[in-house]
Amino acid sequence: MTQNLSFDDVLELLMMEESSPHYDVLRKWQERYPRYARELAQFFATWAIQEHHPAPSVIDRKRLAAQGKQKTMEMLRQQGRIVSGDKIEPISQFDQLVLTAVYLLHGDADTVSVTEKISEMTEQEVLQEATSLALSGLQQRLLIDSWVPDTEIEPDVEDTTYYTVTMTGERALAHAKATSKVVADFLGDFA
Amino acid sequence: MYQTGRPMLLMYEHTKNSMTRKTRYRARVRRLRFHGPDGKPRRRPETVENDIADMLSLPHAERAARARDACNETLVYFIRRRDDSDEQYFEAFVGELDLRIVDLASCYVRGLPEVTGEDIVGKVQWELRKLVLAETGSARTEFLEVAFALAVKKRTLQLVNLYLSSPWSRRDTVYAEDDDGEMTQRELQRIADGGPGPEGILLDKEEQARCRELCETALAAITNPRHRQAATLHWIEGWPIQSTVKGKDDLATYFRTTPGRIKQWLKQAMKEMRAALGAGVTE
């Protein structure tokens, strides 16, 4: 299988395995991937020359880093991933309750526990389907995020989806606290 | 003094709780979905997993302040996840990552003209930015969460390599070769190839580490870049001037010149190295 790898893949394996561009290492990799013998020789030579070059690079690192940061921030804005601080998502009363419940459960919020928490808050019976629908909608609007526990690390945990409030969600929650008495009562010190 | 009774029990409870908390956050770290070129599932190093878990345990508002101390791979993880949307948060993570890309890449553009070096580093930044901000994940994106520094090193060297193979790079080297003409054929024959090379002559073999250090000091004294490159490959990385096995790589093939000329370069380089190292260096 590894014989059909692209040169880029071979280089990835090489980088992970080797720390020295010595000629003997080159020979080993040329034997392993004879198809890329020439490309490997070029790469090893460049690696070795750069590794032992006595002079520092002459590039303007600060300027390049600043330009890079600016371009990345522009891309993030184009992707709609940066939300302005004063932009508050309008959410329904039930969504406010769901968001509050997710927040109060501190990372242990799944559909069942969120439903129970809302019932406790409103002293009314709530259907799991309604919670599930609200969770899905909140996630689409990036107000909450979900995660499935890694069963290799936590073998005893159930295979379920958990939810946490995002930064945008926290802003919406702060707004909800100011407008809803039920939410305000349960959120306590939340800013 | 050992603690006993209730304080000990409280300490045990505290340790147990913090361990459970840690495990809980480790379990929240999203697993990688793609396989590496070797067919094995990609895995982040343990230190990276723990670093991400530590960051996850912090409230959103506190994460940006920790960006400076985070692993490279952790920065990629937190820029990629869609949990946060605050401008200041991204500025901290993105700014730190771009700084590290430039720092890492700049180690591999040494000896290149300023404009070329900046072009290469800028291209590395651009390619990695596209990968980090890609809407959907890929094996290449996930490699950045496994070994970020190696990914930068690999790509930078590939681009440097591309530049060095280009006609405009080769044009510069022609001038360097023009000043080699004064050495006679007889002088060239006196320079040994293979076997215990000048590295062995220069310094005691038992002091390999010291030898390497001295070699690098000596390399800095070589004025002609081509001579220095040949000297690096020959004396530090073990490349033969002319391989005894046909088809195997050697300096003559790499520099596209004759073994005689390479010997001439090395002799010239040796002169400068000897002068730089001073006493104790004999032919």
Side-chain angles (χ1 to χ4, degrees), chain A residues 1-2 5 9-13 15-16 21-24 26-27 30 37 41-50 52-61 64-69 71-73 75-76 79 81-85 107 142 145 147 149-150 153-154 157 162 164 166-168 170, chain B residues 23-24 26-31 36-39 60 81-87 89-91 94-95 98-99 101-103 106-112 114 117-118 121-122 125 129 133 135 143 147 150 153-154 157-158 160-161 164-165 216 219-220 229 232-233 236-239 248-249 254:
Chain A
M1 181 197 163
T2 51
L5 296 176
D9 288 338
V10 172
L11 286 187
E12 186 186 313
L13 294 174
M15 290 280 103
M16 294 291 281
H22 196 271
Y23 188 72
D24 295 341
L26 165 65
R27 294 286 300 275
Q30 284 181 323
Q42 289 287 335
F43 186 84
F44 268 76
T46 305
W47 179 6
I49 289 164
Q50 284 299 327
H52 302 290
H53 201 287
S57 67
V58 288
I59 62 169
D60 186 343
R61 299 208 302 241
L64 284 172
Q67 284 174 350
K69 178 182 167 184
K71 285 175 186 165
T72 312
M73 292 300 285
M75 261 180 95
L76 283 164
Q79 290 180 342
R81 291 191 51 199
I82 295 176
V83 180
S84 162
L142 304 178
D145 191 31
W147 56 282
D150 190 335
I153 296 163
E154 271 193 318
V157 83
Y162 290 94
T164 49
T166 64
M167 205 172 246
T168 321
E170 282 182 8
Chain B
T23 312
R24 195 97 185 97
R26 267 295 300 271
R28 280 179 63 175
V29 179
R30 280 202 185 87
R31 293 186 70 178
D38 54 1
H60 293 276
R81 76 199 300 265
R82 299 184 155 260
D83 193 357
D84 296 286
S85 53
D86 181 65
E87 182 146 9
Y89 165 92
F90 277 119
E91 284 214 335
V94 164
D98 260 299
L99 203 64
I101 295 173
V102 174
D103 277 348
S106 69
C107 298
Y108 303 100
V109 294
R110 291 182 290 183
L112 299 183
E114 185 179 353
E118 290 191 352
V121 174
Q125 284 178 285
R129 184 180 310 129
L133 300 186
E135 300 275 348
F143 184 48
L150 292 181
K153 178 179 174 180
K154 176 183 84 107
L157 286 173
Q158 275 181 291
V160 171
N161 212 5
L164 294 176
S165 327
E216 290 187 7
L219 282 171
Q229 289 172 4
T232 303
L233 292 175
I236 294 190
E237 299 301 349
W239 283 54
K248 293 293 172 199
D249 286 283
Y254 177 71

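The chains referred to below are lettered A, B, ... by the order of the sequence lines, with proteins before strands, and numbering in each begins at 1.
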Value rounded to 0.5 Å, distance of [atom1] in [X] from [atom2] in [Y]:
{"X": "A/Thr46", "Y": "B/Gln158", "atom1": "OG1", "atom2": "CD", "result": "10.5 Å"}
{"X": "A/Arg81", "Y": "B/Asp86", "atom1": "CZ", "atom2": "CG", "result": "12.5 Å"}
{"X": "A/Met167", "Y": "B/Tyr89", "atom1": "CE", "atom2": "OH", "result": "7.0 Å"}
{"X": "B/Arg110", "Y": "A/Ile59", "atom1": "CZ", "atom2": "CD1", "result": "11.5 Å"}
{"X": "B/Thr232", "Y": "A/His52", "atom1": "OG1", "atom2": "NE2", "result": "7.0 Å"}
{"X": "A/Leu11", "Y": "B/Lys153", "atom1": "CG", "atom2": "NZ", "result": "11.5 Å"}

Considering all heavy atoms, the nearest [X]-[Y] contact:
{"X": "A/Arg61", "Y": "B/Ser106", "answer": "CD-OG, 3.4 Å"}
{"X": "A/Gly68", "Y": "B/Arg129", "answer": "CA-NH2, 3.4 Å"}
{"X": "B/Glu237", "Y": "A/Ala48", "answer": "CG-CB, 3.5 Å"}
{"X": "A/Ser57", "Y": "B/Val109", "answer": "CB-CG2, 3.9 Å"}
{"X": "B/Ala220", "Y": "A/Pro54", "answer": "CB-CB, 3.4 Å"}

Between [options], which shows the greatest number of heavy-atom pairs under 4.5 Å with chain A?
{"options": "B/Gln125, B/Glu135, B/Arg81", "value": "B/Gln125"}
{"options": "B/Asp98, B/Ile101, B/Asp103, B/Val94", "value": "B/Asp98"}
{"options": "B/Glu118, B/Arg30, B/Glu114", "value": "B/Glu118"}

Can you tell me if [X] uses its side chain to pair, donor with acceptor, with the backbone of [Y] under 3.5 Å?
{"X": "A/Glu12", "Y": "B/Gly36", "value": "no"}
{"X": "A/Tyr23", "Y": "B/Asp249", "value": "yes"}
{"X": "A/Gln50", "Y": "B/Leu157", "value": "no"}

Using a cut-off of under 4.5 Å for heavy-atom pairs, which of A/Met75, A/Gln67, A/Met15 has the most such pairs with chain B?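 Looking at each option in turn, the highest pair count goes to A/Met15.
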Pick from A/Ile82, A/Asp145, A/Thr72, A/Val58 with the largest number of heavy-atom pairs that fall under 4.5 Å of chain B: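 The candidate making the most pairs under 4.5 Å is A/Thr72.
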Taking the side chain as every heavy atom from C-beta outward, state whether B/Asp38 and A/Met16 have any pair of such atoms under 4.5 Å apart.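 Side chain of B/Asp38 against side chain of A/Met16, heavy atoms only: no contact under 4.5 Å found.
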Between B/Tyr254 and A/Gln42, is any pair of side-chain heavy atoms under 4.5 Å apart?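 The answer is yes; the side chains approach within 4.5 Å.
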What part of [X] gets within 4.5 angstrom of chain B, counting heavy atoms only: side chain, backbone, both, or neither?
{"X": "A/Pro56", "result": "backbone"}
{"X": "A/Ala41", "result": "both"}
{"X": "A/Ala66", "result": "neither"}

Can you sort out the partners of A/Asp9 under side-chain contact (heavy atoms from CB on, under 4.5 Å), two or more places apart, ordered by chain and number?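 Testing A/Asp9 for side-chain contact (heavy atoms from CB on, under 4.5 Å), a comparison that skips the adjacent residues, returns A/Leu5, A/Ser6, B/Pro37.
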Output all residues satisfying salt bridge (Lys or Arg N to Asp or Glu O under 4.0 Å) with B/Glu87, sequence neighbours left out; order by chain, then residue number.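 Checked B/Glu87 against salt bridge (Lys or Arg N to Asp or Glu O under 4.0 Å); matches are A/Arg77.
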B/Trp239 vs A/Leu26, side-chain contact (heavy atoms from CB on, under 4.5 Å): CA-CA, chis, key distance, verdict: CA-CA 10 Å; B/Trp239 283 54; A/Leu26 165 65; 3.6 Å; yes
Heavy-atom distances under 4.5 Å only: say whether B/Tyr108 touches chain A with side chain, backbone, both or neither.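 Both parts, heavy atoms under 4.5 Å.
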Is there a side-chain contact (heavy atoms from CB on, under 4.5 Å) between B/Arg28 and A/Thr164? Walk through the geometry before answering. CA-CA 11 Å; B/Arg28 280 179 63 175; A/Thr164 49; 3.1 Å; yes
